[in-house]
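See structure below.
Here the structure is a predicted model, which means the values were calculated and not measured.
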Number of protein chains: 2
Amino acid sequence: MELLLNHIKKFIELNDDQISHICNSFYIITAPKRKLVLNEGEMCTHLYFVVKGCLRMFYFDEKGVEQTVQFALENWWMTDIDAFNKREKSIFSIQAIEKTTLIGIRKIDFDLLLTDHPSLEKYFRMIYERAYSASLYRMKYARSSKEDFYYLFCSKYPDFIQRVPQKLLASFLGFTPEYLSELRKKNSKVRP
Amino acid sequence: MELLLNHIKKFIELNDDQISHICNSFYIITAPKRKLVLNEGEMCTHLYFVVKGCLRMFYFDEKGVEQTVQFALENWWMTDIDAFNKREKSIFSIQAIEKTTLIGIRKIDFDLLLTDHPSLEKYFRMIYERAYSASLYRMKYARSSKEDFYYLFCSKYPDFIQRVPQKLLASFLGFTPEYLSELRKKNSKVRP
DNA sequence: TTACTTTCTTAAACCAGCTTAAGTTTTTTA
DNA sequence: TAAAAAACTTAAGCTGGTTTAAGAAAGTAA
C-alpha cells in the first residue's frame, strides 16, 4: 500500500483523511505466474495497480492467436477502462506473467473515492494523459519496419526484453515468434 | 465558445464563475484548409478544441512520407500532449484538413484554469480516459489484416470516409493510397 | 477557360514478414 | 529425475501489401 501512496504523492499531496480512505478502498491481491486477472468477455469490475511483477493485456484475434496489447510493470495501472467505466463486458484479458502483487479497487469504491476526494481527479487525469501519450508514441514507432521497431525497443527497454518471454515480446511488437528469432540471430552476428 | 461549454456540461456541472473563467482563458482561432496549426519540432504551446471542421495529427517517417496518427472532428481535443505538458518540442504536426474553427488555450492559462477550478480535472480525466481507450481500441483493430481494418472502419464511420481525402484515410489506416484504391475497386465489384 | 497542382487509379514486379513443419532447448510437473 | 509441455530455432516456400511508373480525373487559381 506504501508504494501506491508514494506513487500518488509524486503527483499530488495527500492528507491523512485521504490516505486512510485510500487504504480502506484498495486491497492487496497476489497473482501467481500465468493467473488470469481478467477474462475477455467477463465484467471488468476492478482497476489494478502493479506493486511488484508484471501484467499483460491481450485478446484472441480472428485466427485464435493471442495478441498482446500492452504490459504493466511496477507503478502502472491496468484495466479494460472502457469495460470498467461503462460496466460492460471486457474485450481484453489481463494476465500476470510473473508472480505479481497487485492493489485492486472495485468500480463502486473507485467512484466513491473520487467523489469524496476530488483532488485525486488530478492524479488520475495525469495518469491517463501519460497512458494516452505512451500509446500514441508506440503507434508512431510501430509504423516503421518491424525490424526497426524491434531494435528501437531493445535499445529503449533493455531490461524489459530480458524479463519477458520472447513469444510475448513478439506478440506485443506485432510479429511472429519465428520472425523475432530470425532478427535475434541476425543481430547476434553483428554484435556477438 | 457555447459549444465548448455545452461539451463540458455533458460531463460535469459548471457555475457562473467557472464559465466566465473558461471564456476568458480560451480564444477562437480559424484555420483555413491545409493550415498547419502545429509544426513538428516547434514548441507546443496550445491545447485545441475543435468547434467546426477537422484536424489531423501526423509526422514524417524515415522515408519522408506523411503518416497520419489521428483525426479530431467536432468536440474533440487535440495537441501533442507530451510536448504540451513537458514544454518540449513536438514530435507531431497538426493540420486543418477543412476550414476549421478551433478554441485554443495556452499551457500557462490551462494550468491556471485547472488550479483555480479543480472540478475541471474530472472533465479532463474523462476526456483522456476516452482518448486512451479509443487508441487501444484502434490498436486492436489495426492488427487484423489491412483489408479487414478498412471494411470495419468503413462500416463504423461511413460519414467520415466521405469527408476525408482517400490519401489521408490510407495514411491513417496504415497503408498506401495505391492499396486503398485497389480495395475500393474490389469492393465496388461486390456491391455496385 | 486554361493551366497548374493535387488526388486517384491501374498494373506489373518485388519483398518483408508469415506459414508451415520439424528439430532443439528449457521449464514445469509428477 | 524423468516425462511432458511449453518455448525457441531454422529454413524453405509463399503472400499481402509495397514500389514504381504512368496516365486519368478532379480541384484550385488566374
Side-chain angles (χ1 to χ4, degrees), chain A residues 31-36 54 56 58 60-68 71 95-99 141-154 160-190 192, chain B residues 31-36 54 56 58 60-68 71 95-99 141-154 160-190 192:
Chain A
K33 195 169 176 175
R34 290 208 191 88
K35 166 87 177 184
L36 278 168
C54 185
R56 68 185 265 252
F58 69 98
F60 292 91
D61 68 15
E62 65 280 2
K63 290 177 193 157
V65 179
E66 289 182 8
Q67 297 289 340
T68 301
F71 293 105
Q95 183 188 40
I97 62 170
E98 305 172 356
K99 183 173 184 305
Y141 289 104
R143 291 206 185 189
S144 49
S145 79
K146 305 217 166 178
E147 188 168 351
D148 288 352
F149 188 33
Y150 170 65
Y151 291 133
L152 183 82
F153 195 81
C154 286
F160 185 67
I161 60 155
Q162 304 292 35
R163 193 166 165 183
V164 72
Q166 284 177 52
K167 193 189 169 184
L168 300 185
L169 183 61
S171 145
F172 174 72
L173 294 172
F175 43 78
T176 58
E178 292 82 1
Y179 185 59
L180 177 54
S181 212
E182 197 178 297
L183 289 180
R184 279 162 54 83
K185 187 181 163 192
K186 199 160 147 189
N187 200 30
S188 70
K189 280 184 188 164
V190 183
Chain B
K33 196 170 176 173
R34 289 205 193 88
K35 166 87 178 183
L36 278 168
C54 185
R56 67 186 265 252
F58 69 98
F60 292 91
D61 69 14
E62 64 282 2
K63 290 176 192 156
V65 179
E66 289 183 8
Q67 297 289 340
T68 301
F71 294 105
Q95 183 188 38
I97 63 172
E98 306 170 357
K99 183 173 184 306
Y141 290 103
R143 291 207 185 188
S144 50
S145 79
K146 305 215 166 176
E147 188 169 353
D148 289 353
F149 188 32
Y150 170 66
Y151 291 133
L152 183 82
F153 196 82
C154 286
F160 184 66
I161 62 155
Q162 305 292 37
R163 193 165 165 183
V164 71
Q166 284 177 51
K167 195 189 166 185
L168 300 185
L169 183 61
S171 146
F172 174 71
L173 295 172
F175 43 77
T176 57
E178 291 82 2
Y179 185 59
L180 176 54
S181 212
E182 198 177 296
L183 288 180
R184 279 163 56 83
K185 187 181 165 193
K186 199 161 146 188
N187 200 31
S188 69
K189 280 183 188 165
V190 182

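With sequence neighbours left out, Thr68(A) forms a side-chain contact (heavy atoms from CB on, under 4.5 Å) with Arg56(A), Phe58(A), Phe71(A), Leu168(A), Ser171(A), Phe172(A).
For Ile97(B) and dT6(C), the CD1 to P distance is 17 Å, given to the nearest whole Å. Here the P atom of nucleotide dG16(D) and the CD atom of Glu62(A) are 13 Å apart, to the nearest Å. In this structure, the CG atom of Asp61(B) is 13 Å from the C1' atom of dT18(D), given to the nearest Å. The distance from atom NZ of Lys167(B) to atom C1' of dT5(C) is 11 Å, rounded to the nearest whole Å.
Taking 4.0 angstrom as the limit, Lys185(B) places none of its side-chain polar atoms (N or O) nearer than this to OP1 or OP2 of dC8(C). Look at Lys33(A) and you'll find a side-chain N or O under 4.0 angstrom from OP1 or OP2 of dT28(C). Taking only side-chain nitrogens and oxygens, Arg184(B) never comes nearer than 4.0 Å to OP1 or OP2 of dC8(C).
Between Ala96(B) and Pro32(B), the closest heavy-atom pair is CB-O, 3.7 Å. Tyr151(B) approaches Leu183(B) most closely through the heavy-atom pair OH-O, 3.8 Å. Pairing each heavy atom of Pro177(A) with each of Lys167(A), the nearest pair is CG-CG, 4.4 Å. In plain terms, the two heavy atoms of Phe149(B) and Tyr141(B) that are nearest each other are CD1-O, 3.4 Å.
Relative to the side chain of Gln166(A), the nucleotides dT28(C), dT9(D), dA11(D) differ in distance, and dT9(D) lies closest. Each of dT18(D), dC8(C), dT28(C) was ranked by its minimum atom distance to the side chain of Lys146(B); first place goes to dT18(D).
Using five terminal pairs a side, the axes of the helix from dT1(C)-dA30(D) to dA30(C)-dT1(D) at its two ends make an angle of 60°, given in steps of 10 degrees.
Taking CD1 of Ile161(B) as the reference point, atom CZ of Arg184(B) lies at 7.5 Å (rounded to 0.5 Å).
A 4.5 Å side-chain heavy-atom check between Glu147(A) and Tyr179(A) finds at least one atom pair inside the cut-off. When side chains are defined from C-beta on, Glu66(A) counts as touching Phe60(A), because their heavy atoms get closer than 4.5 Å.
Near DNA chain D, meaning a heavy atom under 4.0 Å away, the residues from residues 169-183 of chain A are Glu178(A), Ser181(A).
Test Lys33(A), Arg163(A), Lys35(A) against Glu98(A) for salt bridge (Lys or Arg N to Asp or Glu O under 4.0 Å) and you get one pass: Arg163(A).
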